[in-house]
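Letters A, B, ... are given to chains in the order of the sequence lines, protein chains preceding strands, and every chain is numbered from 1.
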There are 2 protein chains.
Amino acid sequence: MCIDICCDEKCIHEDIIHKVEHDLPNDETLYDLAELFKVFGDSTRVKILYALFESEMCVCDIAELLNLTQSAISHQLRVLKSAKLVKARRAGKTVFYSLADEHVRLIINQGIEHILE
Amino acid sequence: MCIDICCDEKCIHEDIIHKVEHDLPNDETLYDLAELFKVFGDSTRVKILYALFESEMCVCDIAELLNLTQSAISHQLRVLKSAKLVKARRAGKTVFYSLADEHVRLIINQGIEHILE
DNA sequence: CTTTCATATGAATAAGTGTTCATATGTTTA
DNA sequence: TAAACATATGAACACTTATTCATATGAAAG
């Protein structure tokens, strides 16, 4: 019942191979998924998201809070915005950023749960 | 009621600053969290995890399935194992890898949901 | 014990990324 | 209009990372 797809020994069933090939999302989706997680994969960006959990904030507030330059925060907010994790609202000279949706919180909480195991 | 922590204008309330500072996990946790998401932030690793959704697999099966070299897969499995996302089981010459727990599936599914919005 | 096979690993390279600095854009106020 | 301020952006740099190639390790079979 087993097939040999690579090694001498019979490793996994042919129907599993077909099932995986069928269920595997297309390359574009997988690429986008990795790109999304890449955005979460930087502690500065994670800190920014955590800060926005409480309230919307302007760029300089975040910079002050995290002890980083305004430029660094602005660059990272751009990345977060491109990934649709945060959204921006202009009020005069000031730009307020906030979480784009609740997925952000869910994903981060899942991550936290995994770490704390 | 507002304080000025950076700009001319009064941006956010002082109690929010205190709340954020209180709720923000410590630097080590935030670093670990970012490191975890970094692991998900590579399409090869995401593909490997997807394959393991169906069934445990040996290294050469995964390599064949994803059209990548055995070495590349082995290096990436090492990363996944360090992050405790997969576990290994030896059977003779063959090493079978499988998902370490269900968090993996949950995190990836949350990511997919965000993308498909 | 030697060969064979599956996997792991180290070094090298090419590509990607986060921060800083300098500066530009855009908005408000004098 | 000019000055002041918040934010955005481009270039440069140091640092990280994914893959490949060559080779080592570990296990089974002859």
Side-chain angles (χ1 to χ4, degrees), chain A residues 2 4-12 27 30-31 34-49 56-83 86-98, chain B residues 2 4-12 27 30-31 34-49 56-83 86-98:
Chain A
C2 293
D4 174 13
I5 69 163
C6 62
C7 20
D8 268 15
E9 326 238 335
K10 311 303 182 188
C11 293
I12 59 175
D27 268 13
L30 291 167
Y31 179 82
E35 288 302 301
L36 174 66
F37 286 123
K38 212 171 280 180
V39 176
F40 286 96
D42 175 79
S43 56
T44 298
R45 288 192 291 264
V46 169
K47 285 178 191 173
I48 293 174
L49 293 173
E56 65 172 11
M57 287 192 189
C58 67
V59 179
C60 60
D61 281 346
I62 301 171
E64 176 88 7
L65 187 66
L66 304 182
N67 267 306
L68 287 167
T69 65
Q70 174 269 323
S71 180
I73 298 295
S74 186
H75 278 296
Q76 297 298 13
L77 282 168
R78 189 172 195 265
V79 174
L80 290 166
K81 199 179 166 196
S82 301
V86 305
K87 55 179 190 280
R89 170 178 79 82
R90 179 143 223 153
K93 285 178 288 187
T94 309
V95 177
F96 289 97
Y97 283 86
S98 57
Chain B
C2 293
D4 174 13
I5 68 165
C6 61
C7 19
D8 267 14
E9 325 241 336
K10 311 302 182 189
C11 292
I12 62 177
D27 268 12
L30 291 167
Y31 179 82
E35 288 302 302
L36 174 66
F37 285 123
K38 215 171 277 181
V39 176
F40 285 97
D42 176 80
S43 55
T44 297
R45 289 192 291 267
V46 169
K47 284 179 192 173
I48 292 174
L49 293 172
E56 66 173 11
M57 286 192 191
C58 66
V59 179
C60 61
D61 280 346
I62 300 170
E64 176 88 8
L65 187 65
L66 304 183
N67 267 306
L68 288 167
T69 66
Q70 174 270 324
S71 180
I73 298 296
S74 187
H75 278 294
Q76 297 298 11
L77 282 168
R78 190 171 193 266
V79 175
L80 290 166
K81 199 179 166 192
S82 302
V86 305
K87 55 180 192 281
R89 170 179 78 82
R90 177 142 225 152
K93 286 177 289 187
T94 309
V95 178
F96 289 97
Y97 283 86
S98 57

Distance, rounded to the nearest Å, where [X] contributes [atom1] and [N] contributes [atom2]:
X	N	atom1	atom2	answer
A:L77	D:dT9	CG	P	11 Å
A:D42	D:dT17	CG	C1'	14 Å
B:F96	C:dT7	CZ	P	8 Å
A:K38	C:dG16	NZ	C1'	8 Å
A:I48	C:dT19	CD1	C1'	12 Å
A:R45	C:dT17	CZ	C1'	8 Å
B:Y31	C:dG18	OH	P	13 Å
A:I73	C:dT20	CD1	C1'	13 Å

Nucleotide of [options] approaching [X] most closely (side-chain heavy atoms):
X	options	result
B:V59	C:dT19, D:dA18, C:dA8	C:dA8
A:T94	C:dT7, D:dA6, D:dT20	D:dA6
B:K93	D:dT7, D:dA18, D:dA28	D:dA28

Exercise for the section: Decide yes or no, distance alone: a donor-acceptor N/O pair under 3.5 angstrom between the base of D:dA8 and the side-chain of A:Q70. Expected result: yes

Hey, what are the protein-to-nucleotides 10-14 of chain D N/O distances that come in under 3.5 Å?
| residue | atom | partner | partner atom | Å |
| --- | --- | --- | --- | --- |
| D:dG10 | O6 | A:H75 | NE2 | 2.9 |

Handout entry: 5'-most by nearest nucleotide on DNA chain C - B:S74 or A:A72
Key = B:S74

Practice task
Assign each of A:E35 and A:G92 to its nearest nucleotide of DNA chain C by heavy atoms, then name whichever residue's nucleotide is nearer the 5' end.
Solution key: A:E35

Exercise for the section: Using atom types as modelled and distance alone, determine if a side-chain donor or acceptor of A:R45 lies under 3.5 Å from a backbone N or O of A:K47. Expected result: no

Handout entry: B:R78 side chain vs B:L80 backbone, donor-acceptor pair below 3.5 Å
Key = no

When you measure from the side-chain N and O atoms of [X] to the phosphate of [N], is any distance below 4.0 Å, counting only OP1 and OP2?
X	N	value
B:T44	D:dT19	yes
B:Q76	D:dT19	yes
A:Y97	D:dA6	no
A:R90	D:dA6	no
B:T69	D:dT20	yes

Which distance, rounded to the nearest 0.5 Å, do you find between the [atom1] of [X] and the [atom2] of [Y]?
X	Y	atom1	atom2	answer
A:F96	A:M57	CZ	CE	10.5 Å
B:E35	A:D42	CD	CG	9.5 Å
A:Y31	A:L36	OH	CG	12.5 Å

Fill in the blank from the handout: Taking every heavy atom of B:V46 against every heavy atom of B:F40, the minimum-distance pair comes out as CG2-O, 3.1 Å

Practice task
Flag the pair A:E64 / A:C60 as yes when at least one side-chain heavy-atom distance between them is below 4.5 Å, and no otherwise.
Solution key: no

Handout entry: Test applied, side-chain contact (heavy atoms from CB on, under 4.5 Å); reference residue, A:I73; option that passes from A:L65, A:D61, A:V59
Key = A:V59

